[in-house]
Amino acid sequence: MPSPNEQTTAVETTTRGAKTFNHLDLLESQAIFIMREVAAECERPVLLFSGGKDSAVLLHLAVKAFRPAGFPFPVMHVDTGHNFPEVLSFIDETITSLGERLIVAKVQDSIDKGRVADPGENGSRNRLQTTTLLDAITEHKFDAAFGGARRDEDKARAKERVLSFRDAFGQWEPRKQRPELWHLYQGKVLPGEHLRAFPLSDWTELDIWQYIARENIALPSIYYAHEREVVERDGMLLAVSQFVHPHEGEHVERLSVRFRTVGDATLTGAVRSTASTVEEVVEEVAGARVSERGATRGDDKFSETAMEDRKREGYF
Amino acid sequence: MSSTTHREETTDLLRFATVGSVDDGKSTLIGRLLVDTKQLFDDQLDAVTEASVRRGTGEVDLSFVTDGLRAEREQGITIDVAYRYAATPSRKFVIADCPGHVQYTRNMATGASTADLALVVIDAQSGMKEQTRRHCCIAALLGVSEFIVCVNKMDLIDWDAKRFDAVEADVRDLAAALGVKRVTVVPVSALLGDNVVEHGSTSPWYRGPTVLGALELAKAGDWAGDETGEGTTTRLPVQWVIRQVGERRSYAGMVAGAPLVAGQRVLVLPLGKETTVTEVSTYDGPLDSAAPGISVSVDLEHDFDVTRGDMIADVVNPPTVTSAIEATVCWFGAHPLKVGDRIRLKHTTHSTPARVTAIESVLKIDTLSLEPKEELEENEIGVVHLATATPLVVDDYSKNRITGSFVLIDEKDHTTLAAGLVGLPQILPQG
């Protein structure tokens with residue numbers, strides 16, 4: 001059976017003006033337009049950077065939107081403390097080479113201050129990130145936060161505006177979204193409120209990978225096939241690490257895997273893969289039968305509306 | 001499908017919105033289209049099946065593919081737009097599945113404002129309803145020039161060709177009155193799938209394309225302006241000033257109307273000074289020309305004081321500079337819009353305080369005529385006059401959807417209260 005992704009394979013092109021522009025050019029232009037609009041309309045934006053592939057694309061688009069000047073906003077990493085080391089070093093190297101300012105908001109600090117309960121070393125910190133993120137937004141008085149979320153990821157995200165309003169409690173109210181007409185993005189909020197801005201709203205997973213291939217965007221090595229020890233749990237392959245220990249009866253295997261998403265290490269599953277180059281990953285993604293989050297994210301499996309529930313609280 | 005071409009990139013992008021009354025089957029149709037074209041991943045389809053079982057809907061409820069919010073599934077209605085993505089070998093689709101209820105008109109307008117095409121869904125049993133007319137009217141008003149009309153639930157009327165013909169005649173009359181240029185009418189069963197992706201055997205009397213076939217044949221990507229000559233010449237609303245190395249400044253924005261070409265003679269507005277574009281570029285380097293919808297930065301021969309909110313436009317057929325406009329307004333505010341109201345207006349990249357100087361009329365959906373009225377109530381469409389504190393650089397909406405559109409924003413809480421179109425509604429009988 002063909003994959004949902006496989007169907008984006010046309011080779012036809014049309015000429016619009018002298019240069020030929022394809023759908024990736026249009027998606028890129030739309031994202032750059034959104035970033036410039038938010039930078040112009042909002043007082044204190046911030047770009048959220050997890051080190052994942054979508055935020056790597058977002059950072060690349062910021063370069064294209066604002067260079068040769070510096071970014072008109074800092075970059076912020078919400079650090080769960082449950083990281084893949086490859087991702088942490090990627091974040092540091094990337095931001096250092098760009099010469100931009102990095103703010104790190106740590107879930108551990110929220111735990112130490114008693115803002116959230118410690119789920120223990122092996123418990124998920126996914127949901128705790130919300131408090132850390134909202135506290136950092138309040139502390140720095142950010143009125144807009146760029147995120148790399150895409151509408152094809154989840155049915156609640158499919159409902160969200162490009163500029164998504166958050167009330168003074170950081171909450172998303174899906175029944176009361178602001179109208180968003182044409183490309184007239186409205187960036188003003190009252191003090192204490194903020195916006196989430198999603199320049200990649202209309203991109204699919206395959207668009208992201210095709211763009212990474214075209215633009216030669218660097219990613220953490222765990223996005224490409226490598227051998228590592230994993231255990232199968234709740235239908236997912238979890239990497240054995242200081243945060244994930246095999247339970248009794250679980251069988252540790254050494255497999256060739258890669259990650260389709262990057263999140264809290266206790267909840268982010270790997271997929272079996274031998275795709276070790278970006279071209280091979282594009283091929284693999286194009287043939288996938290299981291969605292990106294379905295294959296890899298334990299955080300979406302808690303209930304039918306897990307993402308909506310977290311988004312209402314102020315999650316990414 | 002070839003397995004060696006994934007690195008090649010689809011070119012063509014068609015944006016369409018579903019339009020029609022509540023419960024006529026818009027979300028089910030989109031669900032059917034996505035399932036039958038294999039756009040859904042296995043786990044997504046499993047989740048829809050599981051949710052259907054849990055809610056005891058009997059069959060798999062395909063509307064759950066797009067109705068993803070808790071409240072939507074509880075009530076069995078669509079509250080806000082869901083965006084879904086699909087692709088065939090010939091094009092990529094951005095689908096806005098819009099709500100049908102009148103109280104969510106603002107969300108429907110959100111979905112339709114960027115659409116190239118409307119997928120109109122009508123229940124074959126009841127035919128066109130008031131709300132179908134209203135939504136078709138809003139879509140046409142927003143400049144959607146092509147309709148694919150799905151006469152749905154044909155299985156419930158035993159594929160009665162006469163009934164289909166009657167609904168088709170009604171909808172073609174309406175489309176003609178609204179000035180819609182291209183109309184395809186397809187008899188379908190979204191529930192069973194006939195004529196959605198495959199023809200099926202139930203309607204041998206129907207010789208037209210399937211819904212998917214019609215979507216593949218539709219004209220794509222003209223909403224930002226194209227080269228047909230029907231719209232305006234080149235416009236570049238200035239979004240952002242980029243300081244290059246040294247004293248040089250470039251002006252960033254998205255091209256609208258017609259391609260922007262290096263060497264083009266342009267006006268800087270509202271300043272009114274003429275100059276030449278010395279370079280059109282992106283981060284990747286200079287371009288000879290950039291099409292509508294492409295984000296670029298330009299360098300100008302002269303060092304004028306150009307800032308965000310200004311517009312760079314072709315010297316031939318330039319836009320109008322004015323502080324007083326006549327416009328068509330779709331009002332979404334809970335309180336009526338009245339003469340004298342002060343409001344913030346955002347047009348292209350420019351925001352300005354504005355005041356309502358006159359309300360002329362309201363558009364009657366049933367007769368498609370304008371009737372005198374002194375205020376606009378929620379979800380009404382009317383003709384108003386606005387005066388702005390700083391001048392606007394505008395075109396008629398019928399000529400350019402970018403430079404002819406604006407929104408009205410509450411000055412106190414910054415909520416968007418109206419969609420505005422420069423000029424009279426274009427759907428009215430001309431003359």
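The CE atom of A/Met35 sits 11.0 Å away from atom CH2 of B/Trp240, with the distance rounded to the nearest 0.5 Å. Atoms OG and CD, from B/Ser351 and A/Gln186 in turn, are 7.5 Å apart once rounded to the nearest 0.5 Å. Remark: A/Arg175 CZ to B/Asn107 CG distance equals 11.0 Å, nearest 0.5 Å.
Two residues are said to be in side-chain contact when any heavy atoms from C-beta on lie closer than 4.5 Å; B/Thr282 and A/Glu28 fail this criterion. Side chains of A/Leu181 and B/Phe332 form a contact here, defined as non-hydrogen atoms less than 4.5 Å apart. In this structure the side chain of B/Ser295 reaches within 4.5 angstrom of the side chain of A/Arg36, judged on heavy atoms. Within the 4.5 Å cutoff, the side chain of A/Glu37 has no heavy atoms near those of the B/Met254 side chain. A heavy-atom distance below 4.5 Å is found between the side chains of A/Asp202 and B/Tyr85.
Using a 4.5 Å cut-off between heavy atoms, A/Arg161 touches chain B through its side chain atoms alone. Contact annotation for A/Ala31: neither backbone nor side-chain heavy atoms come within less than 4.5 Å of a heavy atom of chain B. Neither the backbone nor the side chain of A/Val278 comes within contact range of chain B, judged by heavy atoms closer than 4.5 Å.
Side chain of B/Lys346 to main chain of A/Tyr185: a donor-acceptor pair is present (N/O by atom type, distance under 3.5 Å, no hydrogens or angles). A donor-acceptor pair under 3.5 Å is formed between the side chain of A/Arg178 and the backbone N or O of B/His414. Here the side chain of B/Thr110 pairs a donor or acceptor atom with the backbone of A/Glu180 at under 3.5 angstrom.
Salt bridge B/Glu411/A/Lys188: absent, no basic N to carboxylate O contact under 4.0 Å. Salt bridge B/Asp80/A/Lys159: absent, no basic N to carboxylate O contact under 4.0 Å.
Of all heavy-atom pairs spanning B/Ile294 and A/Ser29, the tightest one is CA-OG, 3.3 Å. Taking both residues in full, the closest heavy atoms of A/Asp152 and B/Gln44 are given as O-NE2, 4.3 Å, listed atom of the first, atom of the second, then distance.
A 6.0 Å sphere centred on CD of A/Glu43 holds no more than 12 heavy atoms belonging to other residues, nucleotides or ligands. Within a 6.0 Å sphere centred on CZ of A/Arg67, heavy atoms belonging to other residues, nucleotides or ligands number more than 12.
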